[in-house]
Amino acid sequence: MCSLSIGHIYIDIHHMKLAKHRRIPPFWLFSLLSGGMVGISLAYLSSGVMSIDMTQTASALLNGLMGNEPVSQAGLIVWDIRLPRALTALIIGALLSLCGALTQGLFRNPLADPGLIGVSSGSALGATLSIFLMGTLIDTSWSHLILPASAFLGGCLVTWIVYRIGMSVSGNVLVSMLLAGVAINALAAAAIHYISYLSDDGLLRNITFWLMGSLSSAGWWDCAVLFAVMVFILCWLPYLSTPLNALLLGESEARHLGFSVDKIRLCIVILVALGVGTSVAFVGVVGFVGLVVPHCVRMLIGPDHHRLLWGCVLLGGLFLLLADWLARTLVVPAELPLGIVTAIVGGPFFIFLIVTRSREAGL
Amino acid sequence: MSLHATGLGYQVADTWLVRDVDVDVSPGQMLAILGPNGAGKSTLFKMLCGEWPASEGDVQLLGKSYSKWSAQELALHRAVLPQHSSLTFPFTVEEVVLLGRAPHKTGIKRDLEIVAELIELCDLQRLKTRLYPWLSGGEKQRVQLARVLAQIWPSQQQDTKQGHDKLLFLDEPTSALDIAHQHIMLKLAKDLTSRGYSVIIILHDLNLAAAYADKILMMQEGKRVGFGSVEDVFQQELIQRVFDVPVEIVQHPERGTPWVIW
């Protein structure tokens, strides 16, 4: 009986080995995702504490696009509250999954996460510290600027430390960076817990809500900054796709193909720190997007970065828009923290990936 | 001279892994590096292909030291087949071979022609739409060979210069191959030399080296203990001393090349 079942598994694995790739033509996927984005955006803009019907939503959008001030209350809600928030969700989702794909490519590990190089926990620490200090020691009216700035700087600082530790080791730079990231993440988590321990109830609530991520404060200004960052990162993609593909072969193989691995590594680390740091600065820590979305796209259209990175931009945006829509509408009139929704959707999916991957590896 | 190295040495801490090695390879020659485990073959190979800078001595590729080559320019002239590949992402065989064209700006149309040609040459037609991570070890090696060949394949269809300024480095390319594919791979390399390419190859099978190489470099304990034509190096006394096994050397009945028996 035992040998029979082992035989079954063997046949199963063998079957998978022989299976030809079943990929979706990228054009179909991209069209599907773009269509889905428009559809979900309309639903997103129309629903919430106050329901607005689609025609009103559409006319409010047209009105805004022509540069007019909103005329009705519904128009005001759609144009000034929901639209910037929807766009922020799209951009954050795109940024996080793009950075996830870049990190996975750099580490040649499909299970890597932007958090690996410390940027998320560094930003979280910076933000926690600034919430705590502004709530206790310093009284300031600039908190809406200081919080994102300190989150961003915290992320950059920690990433820099991890990168320097990695580069100072002779031998495998990536493994040392990864291990340094693990250690720094633990230190940052300890510091965040200590600050939470020192905080009173009100501050603790602020910190917790922020650590779980929320788009509820997103306005046009946030949207504009995030958009600029995203455009900057997108400009680099055409130059990074081929080197990233070559890097997947191995570092020395990429060197033999004429790519300067150290420059590419530095460039990717900077872009990831910028993308994730900015996202965390504006909306807090949103987990699982950067890990799960690139994986999904890879399973759908294959690992070629020329297509993968753009697929991540679309699917990541769509995923976070959907997640935020659920976060806003599931428990009306209250709101769920975004990190909870992405984890509820992303967690089980990730477990599914672990299980199926280990079977492919013959475990 | 396509490759000219003098006084090569590689030092780790106080130990010299390789010392005082001189090597010359002319266009159209195949040089086989032989020697027992730990003789410094791979270290020498990595210095010769420019992956590791030599601690001592200098390597000139096409008359220019490695330090003077830019990485991109170098990629157009020399390709390296590593012993192991760490690619775990699900690229198809065709996509992996196409990656060899990354340094070139020949356009996707010509690139795909080259890929198709090499898939044919490396006996991969049957596998071309399969996913790389799930191939067997030998199949992977053939795919990687096709990839490195794509890197130095002539960009124009009728290239008069052909391979005189191109070098191919192969690190134990036959280790995972069956006998038939060992011969397919080495015949392919031999074919390239007749078109002017230089091939530098690490081999473990002495008889394969004797059958295909033009020149042999024998290593022992980091030193060059033999360098020259197959007949010069394949001396009973030398082979016995280097590998520490009793051998007989006879002539192959058809090829006339030396044949080692133990």
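Letters A, B, ... are given to chains in the order of the sequence lines, protein chains preceding strands, and every chain is numbered from 1.
By the 6.0 Å contact criterion, CH2 on B:W69 is enclosed, its count of non-hydrogen atoms from other residues, nucleotides or ligands being greater than 12. The number of heavy atoms from other shown groups lying within 6.0 Å of NZ (B:K68) does not exceed 12. Dense packing is recorded around NZ of B:K190, with more than 12 heavy atoms of other residues, nucleotides or ligands lying under 6.0 Å away. Within 6.0 Å of the CH2 atom in B:W52, the count of heavy atoms belonging to other residues, nucleotides or ligands exceeds 12.
Of the inter-residue distances, the one linking B:E51 atom CD with A:H256 atom NE2 reads 4.0 Å to the nearest 0.5 angstrom. Here the NE2 atom belonging to B:H104 is positioned 9.0 Å from the CG atom belonging to A:L257, to the nearest 0.5 angstrom. Here the straight-line distance linking atom CZ of B:F89 with atom NE2 of A:H305 works out to 6.5 Å at 0.5 Å rounding. How far NZ of B:K46 is from OG of A:S252: 7.5 Å, rounded to the nearest 0.5 Å. Distance CD/B:E95 to CG/A:L248: 11.0 Å, rounded to 0.5 Å. Distance check: B:L99 CG to A:D304 CG gives 8.0 Å after rounding to the nearest 0.5 Å.
The most heavy-atom pairs under 4.5 Å with chain A, out of B:H84, B:Q144, B:E73, B:Q151, come from B:Q151. When each of A:E251, A:Q104, A:R298, A:R255 is checked for heavy-atom pairs under 4.5 Å with chain B, A:R298 comes out on top.
Of all heavy-atom pairs spanning B:S86 and A:G250, the tightest one is OG-CA, 3.8 Å. Of all non-hydrogen atoms in B:P90 and A:P303, the two that sit nearest each other are O-CD, 3.3 Å.
Proximity to chain A is limited to the side chain of B:P82, based on heavy atoms less than 4.5 angstrom apart.
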Worksheet item: Under the side chain to side chain donor-acceptor pair (under 3.5 Å) criterion, do A:R108 and B:T88 qualify, and how do the steps go?
Response: CA-CA 8 Å; A:R108 278 185 281 131; B:T88 54; over 6 Å; no
Fill in: Worked verdict on B:R147 versus A:L249 for side-chain contact (heavy atoms from CB on, under 4.5 Å)
CA-CA 11 Å; B:R147 174 180 70 77; A:L249 290 169; 3.7 Å; yes
